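Given the structure is predicted, the values throughout are model-derived calculations rather than measurements. Numbers restart at 1 for each chain; the letters A, B, ... are given by sequence-line order, proteins then strands. Any value given below was found using the heavy atoms of this structure, including those in side chains, with hydrogens, waters and symmetry copies removed.
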Amino acid sequence: MKSCAYYTYWMVMLQWVKFVCDEEERDSAFMTQVENQLEKMPTGEAGHKPRLRFAPSPTGLMHIGGFRTMLFSWLYARHTGGTFILRIEDTDVARTVEGAVDFLLHGMRWMDLDYDEGPIVGGQYGPYYQTQRKAIYQQYAHQLIESGHAYRCYCTAERLEQLRKAQAAQKLPPRYDRNCRYLTEEQRAANEAAGLKYVVRIAMPLEGETVVHDEIHGDITFKNSDIDDAVILKSDGFALYHLASIVDDHLMGITHVLRGDEWISSAPRHIQIYKALGWELPLFYHVPTVLGKDKKKLSKRHNAPSWIELKEKGFLPEAVFNFLALIGWSYDDKTELFTREELIRVFTLDRIGAAGGIYDPDKLLWMNGVYIRQMPLEELIERTLPYMERPEIAGGLPDSVKRPLDKAYTSRVLHLEHERLKTLGEAAEVVSFFFVDELHYDTAMLVQKGMDIDRTLVGLMRARDLLNSLEEWKHEVMEPPMRELAAELGMKPGQLFGAIRVAISGRTATPPLFETMEALGRERSMARIEKAIERLA
RNA sequence: GCCUCGUUCGUCUAGUGGCCAAGGACGCCGCCCUUUCAAGGCGGAGAUCACGGGUUCGACUCCCGUACGAGGUACCA
């Protein structure tokens, strides 16, 4: 039910996305915080370019935590000139959400993260959907059975369930009791003859230790007796992550496995499978998870936006890109604004930390503002227009405002708002008074601090007359005489200007008054002042 | 419960034995600028480096415990 609601939600968003954004190039060369000297290309082992993969499962909408982890792999692949592979781990058919891959692909496109091998583009090591590699996993599962590293388990779900209950009652760790590992040949044959369904389980060594060499955490040692015989092939013939990912990583020549640190606990199992198959281990990097404000793992239910929500709010992909790179990774003690090129140049795996980081929306907001301010005005307009033109209900200007917007006019408006914007999405709300015909505000707002109705009325009328007498409608022409007027009337500039501000905008906060009036236009400004006078009279 | 990981300002983090009576950034507060709101400038509060033991001439940095947090403990990934 929930997933259904989600599905509907983002299908709608998806349409909007296509409408709003044709991904254009944006590699403006601004913000160069990184000095050029520190760069040497990676010391790649001769000839062996790194191959990294991101392997999401399409069981839902990936949130930005997933993107962060993908970003690390992508960045490193690009840094080294290696290969970045996208592999879809869709072995859990029941949980697969239709459209999830599309959603992911769109998100990657939005963030400008490309991949060298994967869905659609293919590659030499395909297919890149695990459901299409079913036979491969089965082959290796059988190989493992043959070599005695795995076995068929005929236990029913009911038996397993009872087992777990019994163990719980005795306060024992829930663990498969390896019943089928010790079946006699006769029993096995009987089960086969009876046509019993079976799963394949890995036969973990009963004693000894497995040490996981992790490039971030160092060596992590597990007692083999603590690890149970996990299922690696389901009764429906599909592999589980434990088998599929290892087979694929090996067959696809993955050199660096970056994955969330929630995988640490199953790493020993994976290592045993590598060993059993006689394969060389890749380098493991268990990267810290991105946590929510409550320090819990990020989930979409919960405090974790997906890329589409960020996009919808008007966050810039390049800002999100920059921001995400800084969760769990840092360059040094002060640099944090990076262009994507700089990030690629500077990103190394050894600077990934071990502790989980919390996603801080406030800092993202700030960084987005920085990127907006750095952006040339023309670009700001191009990119903001779609947000303003979207339907009112989606956050655009009131529907009464005719689309498409006049570009020249919008440009003048946005120029004033440029350094005030934190997101593209808030533009509509903030500038709507420039576009609507009718202003709605409480008349009392006209009366400034220390003023009364009569004085406000006088101020407004005198301002009207003065403004009307001006030859040119330019802010530098308006300001000096208006200041004089305020002085003459014994008002503070803010008292006079404040009243006019409300009169022309219906707001208490706008860009500088006279520039605002200039952009608004003479007709419109004067009509609004007139209207305010009527209201007070 | 068991296994594992993690722990530097509220948050992101710098720090790999002396350069740290811990630096930067967001946020917060104040001042300046100022017609409002921003932006910008300046300044401030904010971390006994989770705690306790070691090791060492010297520990935020190494070791061991403890606490707390997180992850795992599925025919999920």
Send over the distance from [X] [atom1] to [N] [atom2], rounded to a whole Å.
| X | N | atom1 | atom2 | result |
| --- | --- | --- | --- | --- |
| A:Asp332 | B:G15 | CG | P | 9 Å |
| A:Leu233 | B:A74 | CG | P | 18 Å |
| A:Glu262 | B:G6 | CD | C1' | 14 Å |
| A:Ile358 | B:G71 | CD1 | C1' | 15 Å |
| A:Arg175 | B:C75 | CZ | P | 14 Å |
| A:Tyr359 | B:C12 | OH | P | 14 Å |
| A:Arg159 | B:A74 | CZ | C1' | 16 Å |

Consider the side chain of [X], meaning its heavy atoms from C-beta on, and name the nucleotide among [options] that approaches it most closely.
| X | options | answer |
| --- | --- | --- |
| A:Pro174 | B:U73, B:C75, B:A14 | B:U73 |
| A:Ala355 | B:A77, B:U7, B:U36 | B:U7 |
| A:Ile264 | B:G6, B:A77, B:C5 | B:C5 |
| A:Tyr241 | B:A77, B:G6, B:C75 | B:A77 |

Output one line per pair: protein atom, nucleotide atom from nucleotides 61-66 of chain B, and distance, for all N/O pairs under 3.5 Å.
none

Discussion item. My understanding is that only one of A:Arg201, A:Arg152, A:Arg175, A:Arg181 makes a salt bridge (charged side-chain N to carboxylate O under 4.0 Å, His left out) with A:Asp229; could you say which?
Written reply: A:Arg181
Item to complete: Assign a letter to each nucleotide of nucleotides 25-35 of chain B from its 5' end: B, base within under 4.0 Å of a protein heavy atom; S, sugar-phosphate only; -, no contact.
Response: BSS-------B
Partner lookup for [N], please. Criteria are Watson-Crick or G-U wobble with both distances under 3.5 angstrom; report none if nothing qualifies.
| N | answer |
| --- | --- |
| B:C20 | none |
| B:U7 | B:A67 |
| B:C37 | none |
| B:C28 | B:G44 |
| B:C62 | B:G54 |

Non-neighbouring partners of [X] that pass ring-ring contact (aromatic ring centres under 6.0 Å, His included), sequence neighbours left out:
| X | result |
| --- | --- |
| A:Trp263 | A:Tyr241 |
| A:Phe514 | A:Phe497 |
| A:Tyr140 | A:Trp279 |

Residues forming a side chain to side chain donor-acceptor pair (under 3.5 Å) with [X], sequence neighbours excluded:
| X | answer |
| --- | --- |
| A:Asp228 | A:Arg269 |
| A:Arg68 | none |
| A:Asp350 | A:Thr348 |

Using only side-chain N and O atoms of [X], determine if any of them is under 4.0 Å from OP1 or OP2 of [N].
| X | N | answer |
| --- | --- | --- |
| A:Lys234 | B:C76 | yes |
| A:Thr508 | B:C37 | no |
| A:Ser265 | B:U73 | no |
| A:Arg259 | B:A77 | no |

Worksheet entry | Polar side-chain contact A:Ser235-B:C75 base: donor and acceptor under 3.5 Å | yes
Discussion item. Does anything in residues 215-229 of chain A come within less than 4.0 Å of RNA chain B? Heavy atoms only, and list the residues if so.
Written reply: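 Here the set is A:His217, A:Ile220, A:Thr221, A:Phe222, A:Asp226.
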Worksheet entry | Residues in side chain to side chain contact (heavy atoms under 4.5 Å, CB included) contact with A:Asn179, at least two apart in sequence or another chain |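 In terms of side chain to side chain contact (heavy atoms under 4.5 Å, CB included), with neighbours along the sequence ignored, A:Asn179 is linked to A:Cys155, A:Arg159, A:Tyr176, A:Asp177, A:Leu183.
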Item to complete: Can you tell me which residue pairs pass the ring-ring contact (aromatic ring centres under 6.0 Å, His included) test with a partner in residues 413-435 of chain A, sequence neighbours excluded?
Response: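 Only A:Tyr409-A:Phe435 qualify under ring-ring contact (aromatic ring centres under 6.0 Å, His included).
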Throw together a table of side-chain donor-acceptor distances under 3.5 angstrom for residues 205-214 of chain A, partners on residues two or more places apart or in other chains.
from     : atom 1 : to       : atom 2 : distance (Å)
A:Thr210 : OG1    : A:Asn224 : ND2    : 2.5
A:Thr210 : OG1    : A:Gln272 : OE1    : 2.9
A:His213 : ND1    : A:Asp219 : OD1    : 2.6
A:His213 : ND1    : A:Asp219 : OD2    : 3.4
A:Asp214 : OD1    : A:Ile216 : N      : 2.6
A:Asp214 : OD1    : A:His217 : N      : 2.6
A:Asp214 : OD2    : A:His286 : N      : 2.9
A:Asp214 : OD2    : A:His286 : ND1    : 2.6

Worksheet, complete the sentence: Per side-chain hydrogen bond (donor to acceptor under 3.5 Å, both in side chains), A:Gln130 is matched among A:Asp90, A:Asp92, A:Asp248 by A:Asp248
Worksheet item: Do the side-chain N and O atoms of A:His475 and A:Glu515 include a donor-acceptor pair separated by under 3.5 angstrom?
Response: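 Judged by distance alone, the side chains do not pair up.
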Discussion item. What verdict does the ring pair (Phe, Tyr, Trp, His ring centres under 6.0 Å) test give for A:Phe72 and A:Tyr285, after you've listed the backbone C-alpha separation in whole Å, the side-chain angles of each residue and the deciding distance to 0.1 Å?
Written reply: CA-CA 10 Å; A:Phe72 282 179; A:Tyr285 294 77; over 10 Å; no
